[in-house]
Protein chains: 2
Amino acid sequence: MDISVLHNSILFKGFDDTEISDLLKALNAAEKKYNKGEMIFSSGEITDKLCFVTAGGVTIESNDMWGNRTILNLVGKGQFFAESYALLPDVPMLVDVCAAEDCSIVFLSMKSLANLNDTISSRLLANLLTITTRKNLHLSSRSFHTAPRQVRGRIMAYLNTISVQKHSREFDIPFDRQQLADYLNVERSVLSNELSKMQRDGLIRCRKNHFEIITVTYLPG
Amino acid sequence: MDISVLHNSILFKGFDDTEISDLLKALNAAEKKYNKGEMIFSSGEITDKLCFVTAGGVTIESNDMWGNRTILNLVGKGQFFAESYALLPDVPMLVDVCAAEDCSIVFLSMKSLANLNDTISSRLLANLLTITTRKNLHLSSRSFHTAPRQVRGRIMAYLNTISVQKHSREFDIPFDRQQLADYLNVERSVLSNELSKMQRDGLIRCRKNHFEIITVTYLPG
DNA sequence: GAAAGTATGTTGTAATTACAACATTTCGGG
DNA sequence: CCCGAAATGTTGTAATTACAACATACTTTC
């Protein structure tokens with residue numbers, strides 16, 4: 001198991017090496033590998049496992065009865081998922097979790113939280129609170145990105161956020177076209193088409209997952 | 001201030017009356033009233049205040065530059081909002097908060113959390129974790145409700161959720177037409193129109209905010 | 001470096017939605 | 001009961017999107 005990734009995670013922030021290995025034992029940590037495309041959880045399942053990505057990445061998706069995929073979130077190396085379901089273990093999952101690429105997941109049993117002593121437990125709870133709070137912001141951001149009714153507005157809302165995050169008008173995005181389409185809740189072909197139009201209109205430049213937002217200078221008169 | 005509502009809130013679960021009034025003082029609790037339609041927070045603002053609805057209700061909205069409103073969540077009496085921003089106080093709000101009706105809000109200063117003793121603080125943190133976790137599920141649900149590309153699919157996804165929650169095929173929803181449209185991210189007139197069609201098609205019955213989902217029986221042959 | 005497979009771009013048509021304008025219903029006061 | 005205001009329903013047209021089908025580009029494998 002790759003301890004170093006866990007060591008740098010939010011969950012174990014403030015804990016030293018021995019505390020971390022004790023905690024991993026106490027929480028029945030177990031690692032499992034998945035191939036790209038494999039399902040890790042399906043909607044309706046129940047789990048008390050807090051999940052940590054030690055390698056690769058997963059998508060949190062909603063797949064409706066008409067076969068439309070909506071990507072709610074992308075969870076990469078060093079991040080957690082399923083924390084809501086782990087902490088409210090009687091709530092069945094609304095979403096699917098799918099390996100976006102080959103990946104490794106560490107599962108931590110949250111029902112074992114009760115067995116920890118108060119000091120450890122409260123430090124861990126504070127860290128968990130940070131995780132859920134940040135996850136909240138991610139979910140809000142996506143709502144923000146899908147709020148515009150039209151494709152161009154959604155693309156701009158998304159690219160703006162990434163640009164602000166990376167402090168640059170030029171950046172890579174973590175999605176391929178199909179994934180970006182599913183994240184923004186639009187058709188892939190419509191997305192490709194709109195990106196072409198936006199390049200023709202001089203708003204952006206892009207090639208594969210590299211994007212550049214072009215600053216428009218308004219001329220007087 | 002209406003202590004009884006706070007007393008029954010998730011945040012103060014497990015605390016007795018005197019502990020609660022001590023906490024309210026320690027967190028600089030202050031109540032303020034708002035009229036329907038008034039803005040409580042605007043996007044871009046920074047706050048460390050955890051907000052509690054003691055009366056009425058508020059909407060968490062994203063209003064884009066074209067004037068489209070998207071309702072991310074409805075927060076009613078006895079519930080909290082802005083917890084993410086209160087706990088990550090350097091993050092500017094992405095959303096607006098608006099009084100859905102005349103309401104009263106209690107503001108609790110989260111930067112004062114640090115002054116509490118460990119025991120109180122860890123009990124409070126556990127309760128905060130429950131709040132953020134539940135909020136996560138609400139945000140996920142909305143994503144689920146807006147995942148279908150077509151209006152009818154969104155309406156059905158939403159009504160199904162409410163029906164399951166209320167354990168009944170007949171129920172009231174907390175939204176008027178405009179609010180439901182903004183929640184599902186569709187045009188109000190298109191929503192009204194689709195609801196009429198769905199009634200003609202025998203899928204539902206509805207009148208104002210009272211809905212009934214009609215079970216379709218498939219006949220053999 | 002050819003072949004096969006995957007990802008991305010383009011185009012046309014059918015279906016859906018946005019938007020505006022107007023009709024109808026509902027609900028509180030006077 | 002009537003009025004006005006607000007909410008909801010209806011309709012038509014213009015704009016947008018979904019979907020399918022195909023073209024092109026890029027990757028991987030042998």
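Note: hydrogens, waters and symmetry copies are ignored here, and every other heavy atom, side chains too, is used. Since the model is a prediction, treat every value here as computed from it, not as a measurement. Lettering of chains follows the sequences in order, A, B, ..., and the numbering in each one begins at 1.
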* To do: Report yes if a side-chain nitrogen or oxygen of B:Arg177 is closer than 4.0 Å to either non-bridging phosphate oxygen (OP1 or OP2) of D:dG9; otherwise report no.
  => yes
* Asked: Which part of the nucleic acid does A:Ser196 contact within heavy-atom distance under 4.0 Å: base, sugar-phosphate only, or nothing?
  -> sugar-phosphate
* Interatomic distance, B:Gln199 CD vs D:dT10 C1' [rounded to whole Å] -> 14 Å
* Does B:Asp182 come within less than 4.0 Å of B:Arg69, counting only side-chain N to carboxylate O? -> yes
* DNA chain D: 5'-proximal contact among B:Leu195 and A:Val151 (nearest heavy atom) -> B:Leu195
* Asked: How many Å lie between NZ on A:Lys197 and C1' on C:dT10, as a whole number?
  -> 11 Å
* In whole Å, what is the span from the NZ atom of B:Lys36 to the P atom of D:dA5? -> 16 Å
* To do: Would you mind telling me which residue lines up with the more 5' stretch of DNA chain C, A:Asn193 or A:Lys208, judged by nearest nucleotide?
  => A:Lys208
* Asked: Rounded to whole angstroms, how far apart are CG on A:Asp182 and P on C:dT8?
  -> 12 Å
* Asked: For DNA chain C, whose closest nucleotide is more 5', that of A:Gln150 or that of A:Asn209?
  -> A:Asn209
* To do: Verify whether the ring centers belonging to B:Phe41 and B:Tyr85 lie closer than 6.0 Å.
  => no
* Asked: To the nearest angstrom, how far is B:Arg188 atom CZ from C:dA18 atom P?
  -> 13 Å
* Looking at A:Glu212 and A:Arg169, does any basic side-chain N land under 4.0 Å from a carboxylate oxygen? -> no
* Using a cut-off of strictly less than 4.0 Å, decide whether B:Arg207 has a side-chain nitrogen or oxygen near OP1 or OP2 of D:dT8. => no
* Touch check for B:Asp176, heavy atoms < 4.0 angstrom, all strands: base, sugar-phosphate only, or nothing? -> sugar-phosphate
* To do: Whole angstrom is fine here: how far is it from CG in B:Leu191 over to C1' in D:dT10?
  => 14 Å
* Phosphate oxygens OP1/OP2 of C:dT17: is one of them under 4.0 Å from a side-chain N or O of A:Arg149? -> no
* To do: Take the protein atom CG of A:Asn185 and the nucleotide atom P of C:dT17, then report the distance between them rounded to whole Å.
  => 13 Å
* Asked: Looking at B:Lys36 and B:Glu101, does any basic side-chain N land under 4.0 Å from a carboxylate oxygen?
  -> no
* Asked: Out of D:dA18, C:dA20, C:dT17, which nucleotide sits closest to the side chain of B:Ser189?
  -> C:dA20
* Value in whole Å for how far the C1' atom of D:dT17 lies from CZ of A:Arg152 -> 15 Å
* Test: A:Asp201 and A:Arg152 ion pair at under 4.0 Å -> yes
